[in-house]
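By convention in this document, chain letters (A, B, ...) are assigned in the order of the sequence lines, proteins followed by strands, and residues within each chain are numbered from 1.
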Number of protein chains: 2
Amino acid sequence: MTDESRPGVGPVSLATVAAQAGVSIATVSRIVNGETRRASAETVERVRQAIKAVGYHPNQLGRALRNRESRLVAMLAANLDNPVMATIAASTEAALRQAGYVMILCDTHDRPDLQDDYLNAMRSQVVQGYVMVASQPSPGLRDFVERGAPMVFVSRRSPFGECSFVGPDNIAAGSAAADYLLDRSIEEPAVVYPSRESSTTRERVKGFCDRVIARGIPADRIRRADGPGISHLEIGYAAAQHFSAPHAWPRGAMCISDQVAYGVHRLARESGVQIPHDCEIVGIDGSPLNAWLAPWLTSVEIPHPEFGPSIVELLVSLWGGEPPREHLMPHRLAAALER
Amino acid sequence: MTDESRPGVGPVSLATVAAQAGVSIATVSRIVNGETRRASAETVERVRQAIKAVGYHPNQLGRALRNRESRLVAMLAANLDNPVMATIAASTEAALRQAGYVMILCDTHDRPDLQDDYLNAMRSQVVQGYVMVASQPSPGLRDFVERGAPMVFVSRRSPFGECSFVGPDNIAAGSAAADYLLDRSIEEPAVVYPSRESSTTRERVKGFCDRVIARGIPADRIRRADGPGISHLEIGYAAAQHFSAPHAWPRGAMCISDQVAYGVHRLARESGVQIPHDCEIVGIDGSPLNAWLAPWLTSVEIPHPEFGPSIVELLVSLWGGEPPREHLMPHRLAAALER
DNA sequence: CTGAAAGCGCTTACAG
DNA sequence: CTGAAAGCGCTTACAG
């Protein structure tokens with residue numbers, strides 16, 4: 001009996017099975033791979049027995065090396081503690097698994113240098129594709145993009161050239177938020193966003209402002225509030241300070257994410273401002289927690305659980321040699337449960 | 001020039017570098033691995049040039065096969081959409097990375113059959129260790145445990161024999177919750193939990209009840225409310241129905257997780273019960289969101305961001321041939337921000 | 001100081 | 001119907 005104290009690291013290889021069954025490893029390999037009609041029924045049976053007897057499981061390392069495909073895909077995400085990214089990670093993992101791939105997960109903490117470290121490490125792992133969730137521009141990333149590595153960008157577009165993309169239509173989402181507030185006759189709406197640049201923020205804010213203006217409100221009637229840092233919660237809290245005294249709060253505000261909205265809400269609570277009575281808030285994301293903890297929040301819901309299948313579809317099409325494409329995911333407005 | 005259109009999948013191997021530099025692959029290998037004093041300075045230089053010129057990056061597949069170590073670790077988590085597990089995943093990933101390992105992430109959706117599929121798939125990937133977050137009992141798992149696969153259980157203990165474990169001291173956490181309520185002179189405290197069995201739930205409830213009783217309150221004065229299903233939010237909401245009419249609500253309740261508490265709170269809100277004024281709630285987890293969205297919630301805080309390093313430490317010690325150990329993480333009470 | 005060779009586990013054209 | 005051999009990329013004892 002072979003030493004099987006450590007399954008998977010143990011020495012159970014094709015050779016073990018071959019010896020046990022008294023055939024060549026070529027024959028075993030064929031049978032393991034279902035090439036079963038090319039062998040005698042008797043041999044097939046004997047090999048199957050042997051496989052069971054020794055507890056054989058194919059070694060993907062050997063396969064990967066030989067077939068030049070690791071069936072590994074890397075996801076580089078900016079911050080897994082963010083529930084939006086966690087949901088995207090979960091749905092992508094499920095979709096990859098279904099397609100027969102395995103997901104390596106990397107948390108870049110939104111740092112370009114770490115992102116580059118990870119890109120290099122993943123190349124060394126011979127991953128077959130890269131899923132970049134809310135990536136940052138970085139020298140390494142530029143390099144990979146230019147060399148045509150199979151990459152799908154999620155939520156944030158590639159900062160370098162045309163690449164596959166899965167995400168919401170941020171402009172449209174911003175417009176939808178504007179419509180909601182304007183339909184409720186709010187005439188000096190505010191918009192709350194991170195000071196730090198990003199295409200997502202830019203587009204959402206733009207979609208919002210353009211629609212407000214298109215509906216006849218002068219640009220200078222839009223109140224803009226931004227906040228520093230990286231945590232959207234803190235950003236919302238800090239940005240809302242611009243509303244200073246209670247009587248200066250706007251009657252309605254759009255926040256570029258639900259988390260920003262939570263931050264704004266906290267300051268409102270501390271300031272005695274009633275949400276949504278005094279100030280209607282509309283966020284973007286449609287977090288499932290809203291129904292439970294933020295019934296005061298209206299949100300433009302993005303179907304993050306459906307990102308996974310789209311991401312895998314785009315990856316597969318890149319592998320098939322097709323050009324990069326974009327999947328803009330639909331949104332829908334989820335009105336506040338409570339007035 | 002070699003075809004480098006697909007970095008990492010391209011044909012840039014030791015052989016490429018060797019040819020470019022006019023040396024053997026053995027020499028290149030040594031230099032790549034820092035075995036630099038055994039070669040002439042001139043050769044080292046020439047090889048370094050060649051590495052740059054052809055854009056060489058070592059292939060981990062080859063290394064793994066030869067060295068019999070993949071540097072891959074699998075995490076099987078019950079549900080990544082749960083923020084607690086997302087945080088554990090993030091911290092584990094970071095700690096593994098720091099130790100030079102790469103994390104494959106699998107979401108088992110709390111299903112024993114999927115868990116077994118993943119275990120087998122991961123063995124085929126030749127992972128060197130398994131991190132089981134809130135695992136279920138399953139035949140495959142039993143098998144792996146019995147064969148001594150290097151495994152660390154997180155949050156829920158192994159259902160089979162002694163295994164390494166990282167998690168809170170659930171009994172103590174339950175006691176702490178009891179103390180909080182009793183210190184506030186609540187004499188008929190409630191406890192809210194999932195109907196479905198799990199060691200975590202059992203221990204937290206036990207810790208709570210034992211302490212309540214120890215402090216002189218008869219067991220039958222503890223109001224027990226459970227709810228069906230898998231979502232802790234829904235469980236809390238359903239369980240709180242046991243409190244039926246508003247006047248029947250307890251003056252204090254401990255929920256075995258923050259998410260259960262959110263569910264209870266939703267029903268309270270819908271029923272016109274004021275939290276925490278009418279009913280003090282204490283949860284377990286200490287979600288970072290509490291300060292923002294659930295200022296009414298007191299919570300026994302578990303340091304999930306610190307799980308990662310402990311998990312890796314236990315894994316490393318298993319690799320070193322040491323016996324399984326347990327790391328019980330400390331908790332602290334985070335009182336509600338709002339009264 | 002450097003290289004040829006063996007071998008990690010696998011698959012596949014080729015020969016018989 | 002079956003097997004010997006080559007080779008995927010790598011490292012390492014061994015020989016020179």
Ignoring the backbone of [X], work out which of [options] is nearest its side chain.
X	options	result
A:R63	C:dT11, C:dA4, D:dC10	C:dT11
B:S24	C:dG3, D:dC10, C:dT12	C:dG3
B:T27	D:dG9, C:dG3, D:dG3	C:dG3
A:L65	D:dC8, C:dC8, D:dT11	D:dC8

Please state how far atom [atom1] in [X] lies from atom [atom2] in [N], giving the value in whole angstrom units.
X	N	atom1	atom2	result
A:I25	C:dC8	CD1	P	10 Å
B:Q125	C:dC8	CD	P	21 Å
A:R68	C:dT11	CZ	C1'	13 Å
A:L61	D:dC10	CG	P	13 Å
A:E69	D:dG9	CD	C1'	16 Å
B:L14	C:dG7	CG	P	19 Å
B:I31	D:dT11	CD1	P	12 Å

Is there a donor-acceptor pair under 3.5 Å between the side chain of [X] and the backbone N or O of [Y]?
X	Y	answer
B:D107	A:A90	no
A:T92	A:I88	yes
A:S124	B:P58	yes
B:S164	B:R325	yes
B:N33	B:E35	no

Do other residues, nucleotides or ligands put more than 12 heavy atoms under 6.0 Å from [X] [atom1]?
X	atom1	value
A:E322	CD	yes
B:E162	CD	no
B:Q98	CD	no

Examine [N]: is either OP1 or OP2 under 4.0 Å from a nitrogen or oxygen in the side chain of [X]? Give yes or no.
X	N	result
A:S29	C:dT11	yes
A:R66	D:dG9	no
A:N59	C:dC8	no
B:N67	D:dC10	no

Close approaches to DNA chain D from residues 39-47 of chain A, in residue order (heavy atom, under 4.0 Å):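 Output list: A:A39, A:S40, A:T43.
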Short side-chain donor-acceptor distance under 3.5 Å, A:Q49 and A:R46: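 Per modelled atom types, A:R46 and A:Q49 side chains form no pair under 3.5 Å.
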Watson-Crick/G-U partner (both atom distances under 3.5 Å) of C:dA4: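 Pair assignment: C:dA4 / none.
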Check against side chain to side chain contact (heavy atoms under 4.5 Å, CB included), A:Y118 and A:T108: CA-CA 8 Å; A:Y118 272 120; A:T108 66; 4.2 Å; yes
Set out, line by line, the N/O atom pairs under 3.5 Å between protein and nucleotides 14-16 of chain C.
none

